[in-house]
Amino acid sequence: RYWRDWSSDVCSSDLAYVKCTGRSSDNTSAGNLVLHEACKHNPPIDLIESLIEACPESIRSPGFSGYLPFHYACANCASVELLRFLDTLYPEAIRMVEDDENALPLHLVCKAGATKEDIYMALLISYPEAAGIRDVFGRLPIDYAKNIRNDTHRKIAVECLHRAE
């Protein structure tokens, strides 16, 4: 798809440890590990297991803008199965904000306009207080949900967030 410049300064020279240097056409990859990049594309859970087995600390390692693998999965509308799996590996991630906007994973899911109720409910069950936390712009997750373009997806998100109240 595009060229990336890679360096192996994180753990070792194995592919699971490769870190993007940011000299690519996708500068949102700077500082990311392979696990971060994989979580952008809703990968199979067995791939995630292999990457974490090869580099266990990657699940807790922040990448570009402080995104953890869990943040990337949320921002890219990963499956609920992947989100639940990542949550079991590093449950604290659901309470962590990324660096730029102080956005929680729930904010990211709402911004992305996730299409399934079970995604919202999985996040809300794990961390119900997230519905009442504002990001750096003073916005709640529901503020982003109300801006989802697709009427059906917007309705799903808003209804789930109202239930959390």
J.: Check side-chain contact (heavy atoms from CB on, under 4.5 Å) between Lys155 and all other residues, then give those that pass, not counting sequence neighbours.
T.: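 Scan of Lys155 (side-chain contact (heavy atoms from CB on, under 4.5 Å), adjacent residues dropped) gives Glu159.
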J.: Do any side-chain atoms of residues 82-95 form donor-acceptor pairs under 3.5 angstrom with protein atoms, and if so which ones, sequence neighbours left out?
T.:
| residue | atom | partner | partner atom | Å |
| --- | --- | --- | --- | --- |
| Asp87 | OD2 | Ser126 | OG | 3.2 |
| Thr88 | OG1 | Phe85 | O | 2.6 |

J.: Do the side chains of Ile142 and His162 get nearer than 4.5 Å, heavy atoms only?
T.: yes
J.: Looking at Cys74 and Ala112, what are the two nearest heavy atoms and their distance?
T.: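 Shortest heavy-atom separation between Cys74 and Ala112 comes out as O-CB, 4.2 Å.
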J.: Using the test ring pair (Phe, Tyr, Trp, His ring centres under 6.0 Å), find all partners of Tyr67 that sit at least two apart in sequence or belong to another chain.
T.: His71, Tyr72
J.: For the atom pair CG (Leu106) and CG (Leu161), what is the distance rounded to the nearest 0.5 Å?
T.: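 With rounding to 0.5 Å, CG (Leu106) is 5.5 Å from CG (Leu161).
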J.: Which heavy-atom pair separates Ile48 from Pro43 by the least distance, and what is that distance?
T.: CD1-CG, 3.4 Å
J.: For Asp151, enumerate each residue passing the side chain to side chain donor-acceptor pair (under 3.5 Å) test, keeping only those at least two apart in sequence or located in another chain.
T.: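 Testing Asp151 for side chain to side chain donor-acceptor pair (under 3.5 Å), a comparison that skips the adjacent residues, returns Arg154.
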J.: For Asn76, which residues count as a side chain to side chain donor-acceptor pair (under 3.5 Å) partner, sequence neighbours excluded?
T.: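 So Asn76 forms no side chain to side chain donor-acceptor pair (under 3.5 Å) with any residue.
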J.: Measuring from Cys55:SG to Glu57:CD, what's the distance to the nearest 0.5 Å?
T.: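 Going from the SG atom of Cys55 to the CD atom of Glu57 covers 3.5 Å.
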J.: How many angstroms lie between atom CG of Asp99 and atom OG of Ser65, to the nearest 0.5 angstrom?
T.: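 The CG atom of Asp99 sits 6.5 Å away from the OG atom of Ser65.
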J.: For residues 107-116, which residue pairs pass the side-chain hydrogen bond (donor to acceptor under 3.5 Å, both in side chains) check, not counting sequence neighbours?
T.: Glu101-Lys111
J.: Looking only at heavy atoms, what is the nearest atom pair of Pro62 and Leu68, with distance?
T.: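 That would be N-CD2, 3.9 Å.
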J.: Restricting to side-chain contact (heavy atoms from CB on, under 4.5 Å), what partner residues turn up for Pro128, sequence neighbours left out?
T.: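 side-chain contact (heavy atoms from CB on, under 4.5 Å) list for Pro128, sorted by chain: empty.
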J.: Between Cys110 and Tyr120, what is the shortest heavy-atom contact and its length?
T.: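 Minimum heavy-atom separation between Cys110 and Tyr120: SG-CE2, 3.8 Å.
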J.: CZ/Phe70 to CZ/Arg60 distance, rounded to the nearest 0.5 angstrom?
T.: 13.5 Å
J.: With sequence neighbours excluded, tell me which residues meet side chain to side chain donor-acceptor pair (under 3.5 Å) with Glu117.
T.: Arg163
J.: Rounded to the nearest 0.5 Å, how far apart are CG of Leu140 and NZ of Lys146?
T.: 9.0 Å
J.: Hey, are the side chains of Ile52 and Ser58 touching, using non-hydrogen atoms and a 4.5 Å cut-off?
T.: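 SC-SC contact between Ile52 and Ser58 confirmed.
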J.: Hey, is the main chain of Ser61 close enough, under 3.5 Å, to the side chain of His36 for a donor-acceptor pair?
T.: yes
J.: Shortest non-hydrogen contact from Leu124 to Ala164?
T.: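 The answer is CD2-CB, 3.7 Å.
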J.: Check whether any side-chain heavy atom of Asp118 sits under 4.5 Å from a side-chain heavy atom of Met121, and report yes or no.
T.: no
J.: Without swapping roles, check the side chain of Asn42 against the backbone of Ser79 for a donor-acceptor pair under 3.5 Å.
T.: yes
J.: Listed by chain and number, what are the side chain to side chain donor-acceptor pair (under 3.5 Å) partners of Asn150, not counting sequence neighbours?
T.: none
J.: If I compare all heavy atoms of Cys39 with all of Pro69, which pair ends up nearest, and what's the gap?
T.: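 Closest approach of Cys39 to Pro69, heavy atoms only: CB-O, 3.5 Å.
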J.: Working to the nearest 0.5 angstrom, can you tell me the gap between Ser50 OG and Leu35 CG?
T.: 11.0 Å
J.: Could you tabulate the donor-acceptor pairs under 3.5 Å formed by side-chain atoms of residues 131-139, not counting sequence neighbours?
T.:
| residue | atom | partner | partner atom | Å |
| --- | --- | --- | --- | --- |
| Arg134 | NH1 | Gly138 | O | 2.6 |
| Asp135 | OD1 | Phe137 | N | 2.9 |
| Asp135 | OD1 | Gly138 | N | 3.2 |
| Asp135 | OD1 | Arg139 | N | 3.0 |
| Asp135 | OD2 | Tyr144 | OH | 2.3 |
| Arg139 | NH2 | Asp143 | O | 3.2 |

